[in-house]
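Just so we're on the same page: letters track the sequence lines, and every chain starts at 1. This is a predicted model, so every value here is computed, not measured.
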2 protein chains.
Amino acid sequence: MPTPTRTTNEAVVAAARELLEAGGPAALTMQAVAGRVGVRAPSLYKRFQDRDALLAAVASATADELGARFEAAAPDLPQLAAVYREFAHRHPEAFRLIFTASVAPMALQRSVEPVIRTVAGMVGEDHALDAARLVTAWATGFLQLEIAGAFRLGGDIDAAFEYGLRTLIAGLVAGSGREC
Amino acid sequence: MPTPTRTTNEAVVAAARELLEAGGPAALTMQAVAGRVGVRAPSLYKRFQDRDALLAAVASATADELGARFEAAAPDLPQLAAVYREFAHRHPEAFRLIFTASVAPMALQRSVEPVIRTVAGMVGEDHALDAARLVTAWATGFLQLEIAGAFRLGGDIDAAFEYGLRTLIAGLVAGSGREC
DNA sequence: ACCTGAACACCGTTCAAGT
DNA sequence: ACCTGAACACCGTTCAAGT
């Protein structure tokens with residue numbers, strides 16, 4: 001008779017996310033993930049083609065969660081920025097993973113839509129995409145540098161984030177509306 | 001009698017950089033690096049404590065090279081941005097490596113100095129650090145997203161980069177001088 | 001149908017032994 | 001003094017054999 005399944009894709013991805021966040025990518029081994037869901041490593045290959053596919057699933061799940069928080073924060077740009085930063089602080093490893101070449105590009109498309117919508121409301125449809133790319137590039141770079149510990153020259157990081165957001169908005173508004 | 005050395009740290013790092021750029025981090029194995037400099041893997045441990053130390057040396061060499069190009073481009077912000085982008089395009093893997101947590105934070109400090117100097121000339125010393133962080137965060141994030149293939153919604157990427165730089169400068173100038 | 005033990009290839013790393 | 005063969009631990013992955 002057909003044997004009932006002993007775990008689920010969701011449980012596997014959840015276990016992988018925990019291991020990733022706890023010990024970085026090196027800790028996300030097939031054996032460790034399998035152990036967490038009560039199975040042996042070879043069984044995982046029934047669900048994911050290989051480790052890269054599992055990483056992609058983790059990235060995708062992370063992007064979906066982020067997208068949901070963006071959805072709740074739009075169309076308030078400072079709120080979007082705050083949500084993004086808090087998410088990166090809480091899941092630094094998953095945050096990094098999302099922007100890894102092999103994995104993520106597609107997973108992000110949907111989650112970024114609330115950002116485009118928000119920015120479009122500020123600068124108009126014509127520059128919406130360019131402006132969204134400006135804002136996401138800044139925030140993503142800032143958080144990546146912050147997480148990597150690259151801000152070593154002192155100063156208040158929170159204040160630098162506020163300054164960046166404020167200055168960015170000033171530039172967006174100045175560039176879109178009439179000049180003075 | 002003392003055996004003459006069969007390679008140098010510089011040659012090892014150069015070989016590592018080539019392998020990294022050609023095949024990503026996974027291709028940078030101790031055996032492959034050793035093979036490229038005509039030696040066996042265990043010999044590398046005389047020069048670098050472990051693979052992570054070698055990666056750190058690669059990151060450091062990359063950051064130094066980038067710093068030299070920044071030095072030549074300062075204090076022209078658009079020129080700095082163009083140099084940065086060209087460097088990222090030509091060495092995407094090394095560029096990514098620089099911002100990996102375990103490796104790089106310190107290697108960047110010196111190379112970023114020309115950027116701070118340039119930005120200070122635009123907004124004054126008071127906001128120099130915040131403004132430099134805004135600019136580097138934007139550029140780094142943009143390039144990372146571009147390299148990762150995350151800009152999938154169409155549009156002209158070159159134009160988006162120009163737009164970002166222009167808008168950023170507008171914000172910086174508006175925020176520093178008197179308002180209107 | 002699903003799971004696993006055993007096996008293979010590959011990698012990082014150590015160390016005693018070579019020259 | 002420097003280098004290396006051999007060995008060890010560990011990982012990703014495959015597959016025939018179990019239930």
Side-chain angles (χ1 to χ4, degrees), chain A residues 1-61 93-94 96-97 100-104, chain B residues 1-61 93-94 96-97 100-104:
Chain A
M1 68 184 131
T3 320
T5 195
R6 228 168 277 186
T7 184
T8 65
N9 284 19
E10 288 69 29
V12 171
V13 169
R17 291 179 77 175
E18 291 169 19
L19 287 164
L20 173 67
E21 220 50 73
L28 198 167
T29 70
M30 299 302 269
Q31 320 191 15
V33 172
R36 274 212 171 212
V37 298
V39 111
R40 297 294 193 159
S43 296
L44 299 179
Y45 293 83
K46 274 273 142 68
R47 308 181 166 282
F48 300 93
Q49 194 170 32
D50 53 23
R51 183 171 177 274
D52 267 355
L54 176 53
L55 282 173
V58 168
S60 186
E93 295 292 347
R96 247 193 293 267
L97 179 67
T100 294
S102 63
V103 186
Chain B
M1 66 185 134
T3 319
T5 192
R6 227 167 280 187
T7 185
T8 64
N9 284 20
E10 288 70 29
V12 171
V13 170
R17 292 178 76 175
E18 290 169 19
L19 287 164
L20 173 68
E21 218 52 72
L28 199 168
T29 70
M30 298 304 267
Q31 320 192 14
V33 172
R36 272 210 172 214
V37 298
V39 112
R40 297 294 193 159
S43 296
L44 298 179
Y45 292 82
K46 274 271 140 72
R47 307 181 166 281
F48 300 93
Q49 194 170 33
D50 53 23
R51 182 172 179 273
D52 267 355
L54 176 53
L55 282 173
V58 169
S60 186
E93 295 292 346
R96 247 193 293 267
L97 179 67
T100 295
S102 62
V103 185

Quick check for you: among [options], whose closest atom lies nearest to any side-chain atom of [X]?
X: B:Pro42; options: C:dC15, D:dC3, C:dC3; answer: C:dC15
X: A:Thr5; options: C:dC2, C:dG12, C:dT4; answer: C:dC2
X: A:Arg40; options: D:dG5, D:dC3, C:dT4; answer: C:dT4
X: A:Tyr45; options: D:dT4, C:dT4, D:dT14; answer: D:dT14
X: B:Met30; options: C:dG12, D:dA6, C:dC3; answer: C:dG12

Length of the line joining [X]:[atom1] and [N]:[atom2], which is rounded to integer Å:
X: B:Leu44; N: C:dC11; atom1: CG; atom2: P; answer: 14 Å
X: A:Arg47; N: D:dT14; atom1: CZ; atom2: P; answer: 17 Å
X: B:Gln31; N: D:dC11; atom1: CD; atom2: C1'; answer: 14 Å
X: A:Leu54; N: D:dT13; atom1: CG; atom2: P; answer: 10 Å
X: A:Asp50; N: D:dC11; atom1: CG; atom2: C1'; answer: 14 Å
X: B:Phe48; N: C:dT14; atom1: CZ; atom2: P; answer: 15 Å

Of all heavy-atom pairs between [X] and [Y], which one has the smallest distance, and what is that distance?
X: B:Met30; Y: B:Leu44; result: O-CD1, 3.2 Å
X: B:Phe48; Y: B:Ala57; result: CE2-CB, 3.7 Å
X: A:Ala32; Y: A:Ala27; result: CB-O, 3.9 Å

query = Any side-chain N or O of A:Arg6 under 4.0 Å from OP1/OP2 of C:dC2?
reply = no
query = OP1 or OP2 of C:dG12 sitting under 4.0 Å from any side-chain N/O of B:Arg51?
reply = yes
message = Mind checking if B:Thr29 touches a base, just sugar-phosphate, or nothing, with heavy atoms under 4.0 Å?
response = sugar-phosphate
query = Is the closest side-chain heavy-atom distance between A:Pro25 and A:Leu20 below 4.5 Å?
reply = yes
task = Using a 4.5 Å cut-off on heavy atoms from C-beta on, say whether the side chain of B:Thr7 contacts that of B:Arg47.
result = yes
task = List the steps, then state whether side chain to side chain contact (heavy atoms under 4.5 Å, CB included) holds for B:Leu28 with B:Arg17.
result = CA-CA 8 Å; B:Leu28 199 168; B:Arg17 292 178 76 175; over 6 Å; no
request  = Would you write the dot-bracket representation of DNA chain C, where each base gets (, ), [, ], | or . depending on whether it forms a Watson-Crick or G-U pair under 3.5 Å and with which partner?
outcome  = ||.|||||...|||||.||
inquiry  = For A:Val33, run the side-chain contact (heavy atoms from CB on, under 4.5 Å) check against A:Leu54, A:Val58, A:Val39 and tell me which one passes.
reply    = A:Leu54
